[in-house]
Amino acid sequence: MKKTLLFIGLVSIGLSACRKENTFDGPSINEINSKFAILESFKVDKSTADFETGNAIFSARFNKIVSWKITIKGSISKATKIISGESKVIDASNASWNGSTTLFPLFKTENCTATLLIASENDSASTTISISKTKLLPTGARMIANFENGLDPKWTKFFQSGASMECLVKADNFAPEGTKYLNMGGTVNWDWLIGLVDFNANAYNNNVTFPFSTNPENEYFNVLIYGDPDPKTNMTKALFQFKEDENSDGVFDPTKEDEYDYSVDVNWVGWRLISVKYAEMVTLENGSPIPPKGNKLHNPDKIGKISFLQLANPDFGFARCKIDLVSFTQNKALDL
Amino acid sequence: MNKKTIFFIVLALASLQGYAQKARKLSFIGGARSSVFSNALSVSDTLIDTTTAKNNYGGYTLLDLGFNIQPNKQTEIMGMFRIKNNYGGFWGSGVQFDVRQLWVKGVVGNALRYQIGDLNLRQSPFTLYNHHADQLDSMPSVFKLQQNIVSYEQFYQNNTWRMQGANVDFGLSFSKFLKEINFNGFVTRLNATNFANVNERLMTGGNISVFQSNQFRFGYTYNSTFDLKATTANNNLFSNTIHTFDWSINHAIAQNNLKLAGEAGISNWNYSADTLAPVLNDYFVNAYAKLYLAYFHTNISVGYLNVGPDFRSIGAQSKDVNYNAPTLFFNRFTNNQQLRPITLIDMIGNENIYNRTISTSLASENEVFNDILPFGLATFNRVGAYGKLQYQSKNNIHVQAEVYRLNEIRGQGSDALKAFSQIKLNSKIPFHTLIGLANKLEVQLGMRLQQTTRNSIYATENIDYKNLQVSLGLNYEIIPDLELLAGFVQQQNNGNSFITERNEYSEVTYFRNSNYNLSQQIAAVGLRINFSPKAYLCALLQQSSYQDQSTINNKAMADFKINQFGLIYNILL
């Protein structure tokens, strides 16, 4: 018995030696509950921003961790950028603005007002900034479709003959970028498919594949989607298919070659930027992941066709959405 | 390949194998249940709630039909289908057809036992264990009946978790020095890859138990959860490994018995390629002495518990209750469409909020139901002592009492440490044996008091929080096979506390001050007709109420009541 107790004692001492000593976990509660004070006022590092060359940095400093939100509004475009966080310091690490937008449309060359709100303390502050040059698409970005020149005749299009069908490039105030976008919608109560557009690689060059890199970790697919679902059904699905022509014969064989998919339920109202790394796309069959049918490797340089399909459950039948700025970017998602 | 396909393949193979054997056996097991409930909500809000429905009706009928096939003496195959029809279902709409269980088990060479498919697994309380930490210890029968349905649905059996994989165990007996050594090992799949960026995640575990004699036993337990390399291009692999050593020494003292037992171990938690993720290493010790006093029919235990602040064990720190899950009915209420909080009525009978298997990240705690040991004995950052007493008289009076006195090891947002105390008292009194009644008359009493305090040099860091739970149950056999069931539970939360917010790595990011003056009650009465030990029909009437009287609580809820009438017909084949 004594030996056992001695052994247990030695094990306990040995174990206690491997526990690290910290003062406490998390932020100081005393500090969290202290009276709020702004130690450095809210400001921006430049009065005029050229987003082709650099970002605008907002800054402020408080005496404790608070939840804060900076809302930047364009005076002409009415575009809105929201930056939020929970910290004691606002600086380049958490409040750097590259001219991008949270609520579309995009910002224009215009004056903007930036408002800092600390809701828990019922405190706010404002500053102004004017945009001299707006943000550019990142280097290496490849535009698949911005619809500024309408529907390319080399794209393949198919639309069901349902009720109130529409597939038009429109030019109106809804345009989030440039002046035009693709509007698709209608009611089809016998099939999931409302309509589709195939963006074929040979519409852009004479090759059978798009000129993307070989590394799927570096390739990001981006699209702007405007959601306006019927509140009764809340049913619109946007499915993007990426069909790899692995043997470069100009024909996609769905039984022997990889197809990667991205499906999204368009259940929001307004424009939203969707960005997905190509390496993270999966093969879908009836909405569920399955193993790819080809070499089972993501080969962005082998993509021969990108398809956009609008779908809806035929029990409901109705779907509608708008899309714009279908593009691929390298190394990071598109940041508008 | 889905479960149905596997089941038919296994069934076909079993049929072929059994064709050549005369000893083939086929038996049917399973159960059936029909349940209908009517729920009514009443809300006391400053504005009259005109936006949410106040009545809810629903029910279902289900049949679980299992085929237990024994193609030979060494093999047993089990497949169970479920057909469920929600009331109102018509021509397939609302009807669910599913495979509920599928496993094969057998013995190789009369020595090695194996099971493949669905498994109910449990290891030690610090490695793989479903603690049911937030459940009422002394649940009146009228509520236990509903909780049993939840347990059946989620496959809760003796603190096990439902998993899929393979399990083997075997033992060796010795004539000298050692009595026997038992080995057990398993591998299960926690989540499947999505073929893109989510890796295949497995859990493996094993245990070696060495019985030197009836008096001395020791063992080693291993548990590891890890991402399988190269199942996707994502090379950031998660792993959580626990090694434990346990022991048990029995020493007879006349008719009495003294047992010295315990478990100690270490854990590691890391991501291989995420520089933001911390590497957590820590240890735990749980040791106790248990004295059985034969003359008094009493067990007395005293123990020491020390679970480090960075001790992580996915298998032991998963919770059965998912506090982020939507409630089964009246999910939102009031004009502001507030999320209705999980209350006693949900904890007792709402299977929606219960997890079937372990989670892959640290589960959310809820201090309203358990502030002291939210992950049972495996709750990290606790050190202290406990004592237990169990008494069972000759005429079946049961009394259980527990006292825990614990402290934090590392402060949470403060250098001052929290002190925890918990007192539990449960008893079951069979009055029919005491006063000589022919029919059963059993009364259950339960009480749990939790208290958390922290005294800091900064008044804003102080905590004084109490949670009192009282339960009373009655079970009276009016005539043979007709029982009157009644139960009442009252829970009171008072004082202030800080709700901990954590990031995806379980690191603390913020503390939300919360003040409680919260009162919950649930009362129920039911009539149960027992057709057999395996079949009953029960009519239930129950009312639950939720009153948040705190004026300074940031998340103050409108008071509400839920009245419920239900019929349950339950049969086990």
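Residue numbers begin at 1 in each chain, while the letters A, B, ... track the order of the sequences.
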Can you tell me which of [options] forms the most heavy-atom pairs within a distance under 4.5 Å of chain B?
options                     : result
A/S28, A/P216, A/S34, A/P27 : A/P27
A/H298, A/E86, A/K296       : A/E86
A/N33, A/T283, A/N30        : A/N30

For B/Y505, does the OH atom have more than 12 heavy-atom neighbours from other residues, nucleotides or ligands under 6.0 Å away?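 For B/Y505, atom OH is crowded (more than 12 foreign heavy atoms under 6.0 Å).
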Side chain, backbone, both or neither: which part of A/P291 has an atom under 4.5 Å from a heavy atom of chain B?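 It is both, since atoms from each part get that close.
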With a 4.5 angstrom heavy-atom cut-off, is it the side chain or the backbone of A/E31 that approaches chain B, or both, or neither?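 Neither the backbone nor the side chain of A/E31 comes within 4.5 Å of chain B.
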Smallest separation among heavy atoms of B/Q412 and A/F24, with atom names: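 Looks like N-CB, 4.3 Å.
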Heavy-atom closest contact (B/F511 atom, A/I29 atom, distance):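 Reported closest heavy-atom pair: CD1-CG1, 3.6 Å.
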If you round to the nearest 0.5 Å, how far is CG of A/D25 from OG1 of B/T500?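 With rounding to 0.5 Å, OG1 (B/T500) is 9.0 Å from CG (A/D25).
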